[in-house]
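All values below were derived from every heavy atom in this structure, side-chain atoms included, with hydrogens, water molecules and symmetry-related copies excluded. In what follows, chains are A, B, ... by sequence order, proteins preceding strands, each numbered from 1. Predicted, not measured: the structure shown is a model, and the values here were computed from it.
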Amino acid sequence: MKGWSQSDQLLARYSFCNMAKYISNREIVKLFREIVAAYEAKGENRFKIIAYENAATGVEHATSELKDLWDDGLLDTVPGLGKTIRGHLDELFKFGKVRHFERVKKALPKGMFSLLDVGGLGPKSAYKLAKELNLNNLRDLQKAAKMGKIRNIPGFGPKSESDILTAIDELKGKSSRYLLTEAFPVAQRVLKYLRGHSDCERAEPLGSLRRMLSTVGDIDIAVASKKPKEIIAHFKNFKEIKRILDAGDRKSSVLLQNGMQVDLIVQPTKAFGALLVHFTGSKAHNISLREYAIKKGMSVSDYGIKVKGKLKEFVTEEDFYKFLGLDYIVPELREDSGEIEAAYRPASGKSNGLPKVVNHKDIRGDIHLHSNYPIEPSHDLGTASFEQIIKKAKELNYEYIGFSDHSPGYSTHTNKQIIDLILKRKKKIEYLKSKYRGFGILNLLEIDILTNAKLSVPQEALKLLDGAIAGIHSSHRQGKNMITKRLLLAIDSPYVKVISHPTGRLLNQRESYEADWPEIFDA
DNA sequence: GCCGTTTTCGGCCCGACTGTTTTCAGTCG
Ligand SMILES: Nc1nc2c(ncn2[C@H]2C[C@H](O)[C@@H](COP(=O)(O)OP(=O)(O)OP(=O)(O)O)O2)c(=O)[nH]1
Ligand SMILES: [Mg+2]
Ligand SMILES: [Mg+2]
Ligand SMILES: [Zn+2]
């Protein structure tokens with residue numbers, strides 16, 4: 001403990017029970033956002049608040065657990081974490097607590113933080129309500145609203161009181177983020193509806209949906225029209241709407257019956273380019289773009305680009321970026337991860353060069369395919385037959401596919417049964433290989449790396465395959481060492497050619513597990 | 001509190017919508 005102050009030592013002893021606990025990025029993001037709220041409530045310097053918000057965003061986007069980065073002395077590779085905040089994290093990982101954060105939060109009613117989940121309630125309102133009415137949680141807030149106590153607080157009235165009650169009710173049916181594949185068909189329905197209006201010239205899905213993030217918080221749509229008010233009025237009549245959150249002359253937000261939020265902005269075609277950029281985001285990309293423009297003496301907004309107070313409008317995104325001296329940036333890259341620097345094109349000469357993104361035509365095959373072949377798998381039998389999959393693959397212009405059904409349930413089959421099933425399946429696949437000569441077909445199988453690190457299929461059966469794909473489908477929470485060991489043992493098998501879903505993440509359901517990736521890649 | 005290919009100091013995006021506030025703060029995108 002050399003070099004630690006006495007209070008550090010006391011704190012270390014005090015929080016000893018917390019030390020073994022792994023503090024995840026998710027928890028750190030939550031902590032930073034609480035500091036943001038606390039600082040906002042007490043009127044702290046706004047740029048300091050933004051710094052904490054940026055730190056939270058940086059951690060949210062980090063591809064490694066901060067704890068691991070901290071172990072390796074790499075915290076400074078995460079954007080938004082400067083000297084001060086890294087110091088706080090140091091304390092957090094050593095002692096499980098940050099004294100400065102504790103002090104900041106202690107000065108405020110602790111009930112205020114849970115109120116922030118209510119739509120429309122920000123830090124200022126949450127603070128005021130929690131303090132004036134002694135609220136500890138959402139239930140307290142609901143009770144106070146029902147008793148008509150909120151309308152008497154300065155700054156609130158009958159409308160905001162009933163809005164709070166509605167918003168609390170809506171918390172239940174709401175999930176925080178949706179899978180891209182869940183949101184996509186909903187967006188298509190809204191788009192179809194909007195395009196049905198005669199004044200709608202274009203309707204485009206934007207935001208995280210257009211950037212193709214794996215999960216989206218809401219559905220953002222822009223419409224090009226000369227008559228924004230008419231479009232907004234039409235939008236408000238969409239039959240799937242549960243409640244209109246707000247609606248002005250050019251913008252509206254609604255809540256659908258399924259709990260999803262849809263945000264709409266309308267703007268004439270002649271200025272649609274700037275709106276496309278703005279509403280595609282990301283927020284961080286927009287801010288970076290605007291700061292870059294400021295340095296060039298320009299001001300960017302969703303209306304266009306102002307030069308010396310005069311607004312220049314753009315029909316297309318290409319022209320918008322070009323005017324700023326940038327190459328076109330595809331939506332998938334607009335995450336403020338260096339794309340603006342990469343797109344920068346000096347007056348004469350070439351840009352630094354944006355990375356090329358993978359397009360559909362670049363995908364030559366797929367080797368992770370679960371068919372409906374009756375192999376009696378432990379889980380997730382597919383829905384399409386071998387032949388249906390081949391047909392689809394050919395439609396997609398694939399050159400090859402690999403059938404990788406899950407292996408027969410390990411606990412429900414003997415070794416002999418497993419071998420027989422795989423032999424029978426092999427014969428069927430061999431037949432297909434000869435039938436579809438010239439099209440690559442691989443006889444693969446997705447096997448389980450069992451809890452004890454053994455494989456779910458015996459060697460005699462693995463021999464019959466063109467290769468095995470091994471994945472962890474159970475005991476995801478064993479810890480970094482054991483997970484690493486399981487993966488390394490699987491890789492050791494000469495029959496295992498691929499490790500599937502290597503982080504075990506299930507979007508919106510299960511966090512990734514940690515493993516010693518450098519060691520695994522070495523193997 | 002963070003950050004840097006004109007800066008290690010002095011900047012930090014910009015605008016819409018709402019309720020209750022007589023002139024705008026809070027929240028959100
Ligand atoms: N300039 C600027 N643009 C913003 C801001 N907030 C949001 N936007 C823009 C960029 C966003 O991608 C777009 C849509 O906002 P959303 O809150 O729906 O974010 P986004 O769709 O990116 O992510 P999401 O999956 O919905 O959480 O609006 C902001 O504070 N400033
Ligand atoms: Mg969105
Ligand atoms: Mg949105
Ligand atoms: Zn799997």
Side-chain angles (χ1 to χ4, degrees), chain A residues 32 35-37 39-41 43-58 75-76 78-89 100-101 104 115-116 118-129 150-164 167 206-208 217-222 228 232 244-254 261-267 274-275 277-306 311 336 338 340-342 344 346 352:
Chain A
F32 286 175
I35 298 303
V36 167
Y39 277 170
E40 252 165 10
E44 189 43 278
N45 175 294
R46 49 186 286 251
F47 299 113
K48 202 159 142 185
I49 298 171
I50 289 170
Y52 271 93
E53 185 52 48
N54 288 341
T57 311
L75 270 191
D76 59 353
V78 179
L81 303 184
K83 217 170 163 216
T84 307
I85 296 186
R86 289 202 304 272
H88 292 325
L89 285 174
H100 175 246
F101 293 170
V104 170
L115 309 187
L116 295 168
V118 180
L121 281 192
K124 298 272 191 190
S125 317
Y127 168 73
K128 208 190 245 178
L129 291 173
I150 289 177
R151 64 183 68 196
N152 300 325
I153 310 282
F156 294 84
K159 181 68 166 73
S160 45
E161 185 175 80
S162 76
D163 282 352
I164 286 171
L206 306 176
S208 48
D218 64 3
I219 293 170
D220 302 294
I221 291 176
I232 297 289
I244 295 162
L245 300 173
D246 51 41
D249 288 345
R250 73 183 283 261
K251 278 169 52 156
S252 175
S253 292
V254 301
Q261 183 174 327
V262 183
D263 296 331
L264 172 72
I265 307 186
V266 191
Q267 183 147 293
L275 180 58
V277 171
H278 165 75
F279 217 23
T280 297
S282 63
K283 174 181 171 179
H285 174 82
N286 288 354
I287 291 175
S288 272
L289 201 63
R290 288 164 185 217
E291 286 174 346
Y292 163 85
I294 288 171
K295 287 191 203 130
K296 304 188 73 153
M298 309 180 192
S299 171
V300 164
S301 77
D302 35 341
Y303 292 100
I305 303 173
K306 268 190 203 153
L311 183 71
D336 189 32
I340 292 171
E341 292 85 332
Y344 177 66
N352 302 329

Rounded to the nearest Å, what distance is computed from the [atom1] atom of residue [X] to the [atom2] atom of nucleotide [N]?
X	N	atom1	atom2	value
A:L129	B:dA25	CG	P	19 Å
A:E40	B:dG1	CD	C1'	14 Å
A:F47	B:dC13	CZ	P	7 Å
A:D220	B:dA16	CG	P	17 Å
A:I294	B:dG15	CD1	P	10 Å
A:K83	B:dG1	NZ	P	13 Å
A:Q267	B:dG15	CD	P	12 Å
A:F279	B:dC14	CZ	C1'	14 Å

[X], nearest nucleotide to its side chain (from [options]):
X	options	answer
A:T84	B:dC2, B:dG29, B:dG15	B:dC2
A:D249	B:dC13, B:dC2, B:dC17	B:dC17
A:K124	B:dC13, B:dT27, B:dG15	B:dT27
A:K159	B:dC13, B:dA16, B:dT20	B:dT20
A:D246	B:dG29, B:dC12, B:dC17	B:dC17
A:K295	B:dG29, B:dT7, B:dC14	B:dT7
A:S160	B:dG15, B:dG1, B:dT20	B:dT20
A:P158	B:dG1, B:dT20, B:dA16	B:dT20
A:H88	B:dG29, B:dG1, B:dG15	B:dG1
A:I50	B:dA16, B:dG26, B:dC13	B:dC13

Legend entry - Watson-Crick or G-U wobble partner of B:dT8, both distances under 3.5 Å: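 By the stated definition (distances under 3.5 Å), nothing pairs with B:dT8.
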
Inset, instruction - Decide, yes or no, whether a salt bridge links A:R250 with A:D302 under the criterion of side-chain N to carboxylate O below 4.0 Å. - result: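 Looking at A:R250 and A:D302, the cut-off is met.
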
Legend entry - Most 5' of A:R86 and A:R250 on DNA chain B, judged by nearest nucleotide: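 With A:R86 and A:R250 compared, the 5'-side residue is A:R86.
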
Legend entry - Residue closer to the 5' end of DNA chain B, A:D163 versus A:Q261 (nearest nucleotide):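 Closer to the 5' end of DNA chain B: A:D163.
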
Legend entry - Sole candidate of A:R290, A:K283, A:H285 that passes side-chain hydrogen bond (donor to acceptor under 3.5 Å, both in side chains) when paired with A:H278: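 Answer after filtering A:R290, A:K283, A:H285: A:R290.
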
Inset, instruction - Mark yes when over 12 heavy atoms from residues, nucleotides or ligands other than A:R151 sit less than 6.0 Å from its CZ; otherwise mark no. - result: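 Enclosed.
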
Look at all strands and tell whether [X] reaches a base, only sugar-phosphate, or nothing, counting heavy atoms closer than 4.0 Å.
X	value
A:S125	sugar-phosphate
A:N286	nothing
A:P123	sugar-phosphate
A:N54	nothing
A:R46	nothing
A:S299	sugar-phosphate
A:A247	sugar-phosphate
A:Y39	sugar-phosphate
A:E161	nothing
A:I85	sugar-phosphate

Legend entry - B:dT6 and B:dG11, which share atom name C1', separated by this distance in whole Å: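 Between the two C1' atoms, the distance is 14 Å.
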
Inset, instruction - Between B:dC28 and B:dC13, how far apart are the C1' atoms? Round to whole Å, please. - result: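 Straight-line distance between the two C1' atoms is 14 Å.
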
Legend entry - N or O in side chain of A:K251 less than 4.0 angstrom from B:dA16 OP1/OP2: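 For B:dA16, neither OP1 nor OP2 has a side-chain N or O of A:K251 closer than 4.0 Å.
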
Inset, instruction - Flag the pair A:V104 / A:Y39 as yes when at least one side-chain heavy-atom distance between them is below 4.5 Å, and no otherwise. - result: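 Of all side-chain heavy-atom pairs linking A:Y39 with A:V104, at least one is under 4.5 Å.
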
Inset, instruction - Dump the intermediate steps for side-chain contact (heavy atoms from CB on, under 4.5 Å) on A:V277 and A:V300, then the final yes or no. - result: CA-CA 10 Å; A:V277 171; A:V300 164; over 6 Å; no

Inset, instruction - Tell me, please, which residues at least two apart from A:S288 pass side chain to side chain donor-acceptor pair (under 3.5 Å). - result: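 Once residues adjacent in sequence are excluded, the partners of A:S288 under the side chain to side chain donor-acceptor pair (under 3.5 Å) criterion are A:D336.
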
Legend entry - Chi angles and distances behind the side-chain contact (heavy atoms from CB on, under 4.5 Å) call for A:I35, A:H88: CA-CA 12 Å; A:I35 298 303; A:H88 292 325; over 6 Å; no

